[in-house]
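First up is the structure itself, then whatever we jot down about it.
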Amino acid sequence: MQVPLACKRFPKSALLLLIALLLAACDRTAIDYEQVSEAEKLIIRFSHVVGEDTPKGQAARRFAALMKERTNGRVEVQVFANGSLYSDYEELKALQEGYIQMIAPSLSKLSGIVPEAEAFDLPFLYPALTDYHRALDGAAGQRLQRMMEEKGLVPLAFWDNAFKQLTSSSRAIREPTDMQGMRVRIMPSAVLNGQFAMMGAKPLEMSFNDVYLALEKGQLDAQENTLSNIYTKRFYRVQRHLTISDHGYLGYLVLMNQSFWERLPDDIRRTLVETIREVTLWERQLAARLNQEQLAYIAACECIAIHKLSAEEKRRWREFFAPLKESERTRWDPVFVKALGLSGS
């Protein structure tokens with residue numbers, strides 16, 4: 001057998017070393033998972049109910065793209081937006097039963113299994129978004145995550161969509177009692193029910209994707225939501241008044257099915273945790289920016305009257321809701337309440 005000339009110039013030991021290095025390099029070469037079958041991929045079905053262009057919708061898409069890139073296509077996150085797969089009343093059960101692997105419901109939607117989740121529904125709990133982020137990233141959020149884990153869920157991150165505002169069809173809402181008699185949509189939460197009952201309104205639980213039609217048909221008189229959701233769902237086109245109240249916070253908890261999480265390879269799990277942490281910081285910045293931009297878009301249509309609560313009006317609103325904060329905090333875990341800063345209020 002003819003030995004190539006290039007090989008003759010190498011000492012035998014050097015040639016063996018070169019072969020060993022080449023074999024090692026081959027072992028480290030990434031597998032092209034774009035070429036494998038669907039059965040060989042790790043599929044994560046991520047279901048949510050808001051629009052694709054909302055902060056949550058965009059964050060879900062960004063998470064999907066980064067996971068595909070960082071795993072060389074081994075992980076495929078399939079995002080189902082606008083409640084196209086499950087409604088907000090169905091998605092938690094679907095997650096628990098393993099039909100989907102990820103959801104990002106509002107904290108209110110989780111109050112049925114962990115009542116402490118609805119503490120973040122308290123009106124005027126904190127004055128700034130950074131205060132909410134500090135609480136969720138600190139002891140209060142950690143306590144809440146442990147409670148979720150005890151229910152067989154895997155909490156991954158807290159996302160948000162900034163502050164909630166109020167819209168109505170009949171009259172402007174400048175004082176809490178201006179909602180007297182209004183039928184208003186709420187998410188399932190004892191705190192939200194108590195909030196609107198105090199205002200003299202008639203709170204009605206309703207799936208998010210049914211709200212537009214109910215407003216259009218006059219089955220609802222009012223609703224509360226972030227500017228991003230008001231804009232992307234076009235609620236401002238079927239309401240006459242918008243109050244910039246910043247009275248409430250809309251937070252989400254990204255959750256994964258526990259058995260699916262436990263089956264993930266360690267390297268994929270590490271990549272997922274690092275990616276979701278990065279996307280969370282990006283999502284929060286996006287939420288603050290989009291809500292400001294979309295207020296400008298709503299104002300530009302000149303189809304809805306906009307009133308922004310003054311500092312004095314907000315002070316009166318906070319005083320009005322103070323009894324709600326006092327009564328509700330007694331229902332929750334004392335350690336969690338203390339972490340929120342409510343125990344001495």
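Since the model is a prediction, treat every value here as computed from it, not as a measurement.
- Distance CG/L92 to NZ/K109: 10.5 Å, rounded to 0.5 Å.
- Screening residues 305-314 for salt bridge (Lys or Arg N to Asp or Glu O under 4.0 Å), with sequence neighbours left out, gives D246-K314, E312-R315, E312-R316.
- A donor-acceptor contact shorter than 3.5 Å links the side chain of T280 to the backbone of I276.
- By the 4.5 Å heavy-atom criterion applied to side chains, L166 and M179 are counted as neighbours.
- In this structure, E283 contributes its side chain and W159 its backbone to no donor-acceptor pair below 3.5 Å.
- Side-chain rings of F80 and F46 stay apart, their centers remaining 6.0 Å or farther from each other.
- Between L192 and M187 there is a side-chain heavy-atom pair separated by less than 4.5 Å.
- With hydrogens and angles ignored, the 3.5 Å screen pairs a side-chain donor or acceptor of R171 with a backbone N or O of D178.
- Note: L110 CG to Y252 OH = 12.5 Å, rounded to the nearest 0.5 Å.
- No donor-acceptor contact under 3.5 angstrom links the side chains of N209 and N82, judged on distance only.
- Note on residues 200-216: no pairs pass salt bridge (Lys or Arg N to Asp or Glu O under 4.0 Å), not counting sequence neighbours.
- N229 and K56 share no donor-acceptor pair across their side chains, judged by distance under 3.5 Å alone.
- R183 is linked by a side chain to side chain donor-acceptor pair (under 3.5 Å) to D221, counting only residues two or more places apart in sequence or in another chain.
- Remark: R134 engages D131 in a salt bridge, criterion side-chain N to carboxylate O under 4.0 Å.
- Using modelled atom types, one finds a donor on one side chain and an acceptor on the other under 3.5 Å when comparing Q78 with E76.
- Judged purely by distance below 3.5 Å, without hydrogens or angles, the side chains of D160 and Y249 pair a donor atom with an acceptor atom.
- Taking the charged nitrogens against the carboxylate oxygens, D137 and R284 do have a contact shorter than 4.0 Å, which makes a salt bridge.
- Ring geometry for Y231 versus Y297: interplanar angle of 30 to 60°, hence tilted.
- A search for salt bridge (Lys or Arg N to Asp or Glu O under 4.0 Å) contacts involving E91 returns nothing, not counting sequence neighbours.
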Just list the side-chain donor-acceptor pairs under 3.5 Å for residues 113-129, sequence neighbours left out, or say none.
residue: E116; atom: OE2; partner: D333; partner atom: N; Å: 2.9
residue: E118; atom: OE1; partner: S189; partner atom: OG; Å: 3.4
residue: E118; atom: OE1; partner: A190; partner atom: N; Å: 2.9
residue: E118; atom: OE2; partner: R331; partner atom: NH1; Å: 3.3
residue: E118; atom: OE2; partner: R331; partner atom: NH2; Å: 2.4
residue: D121; atom: OD1; partner: S108; partner atom: OG; Å: 2.7
residue: D121; atom: OD2; partner: S108; partner atom: OG; Å: 2.8
residue: D121; atom: OD2; partner: S189; partner atom: OG; Å: 2.8
residue: Y126; atom: OH; partner: L340; partner atom: O; Å: 2.6

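- For N257 and S259, the side-chain atoms include at least one donor-acceptor pair closer than 3.5 Å.
- A salt bridge is defined here as a Lys NZ or Arg NE, NH1 or NH2 lying under 4.0 Å from an Asp or Glu carboxylate O, and E293 with R289 meets this definition.
- The pair K93-E90 does not count as a salt bridge, with every side-chain nitrogen at least 4.0 angstrom from each carboxylate oxygen.
- Within the model, atoms NZ of K151 and CG of L255 stand 13.5 Å from one another, a figure rounded to the nearest 0.5 Å.
- Screening residues 234-245 for side-chain hydrogen bond (donor to acceptor under 3.5 Å, both in side chains), with sequence neighbours left out, gives T167-Q239, S245-H247.
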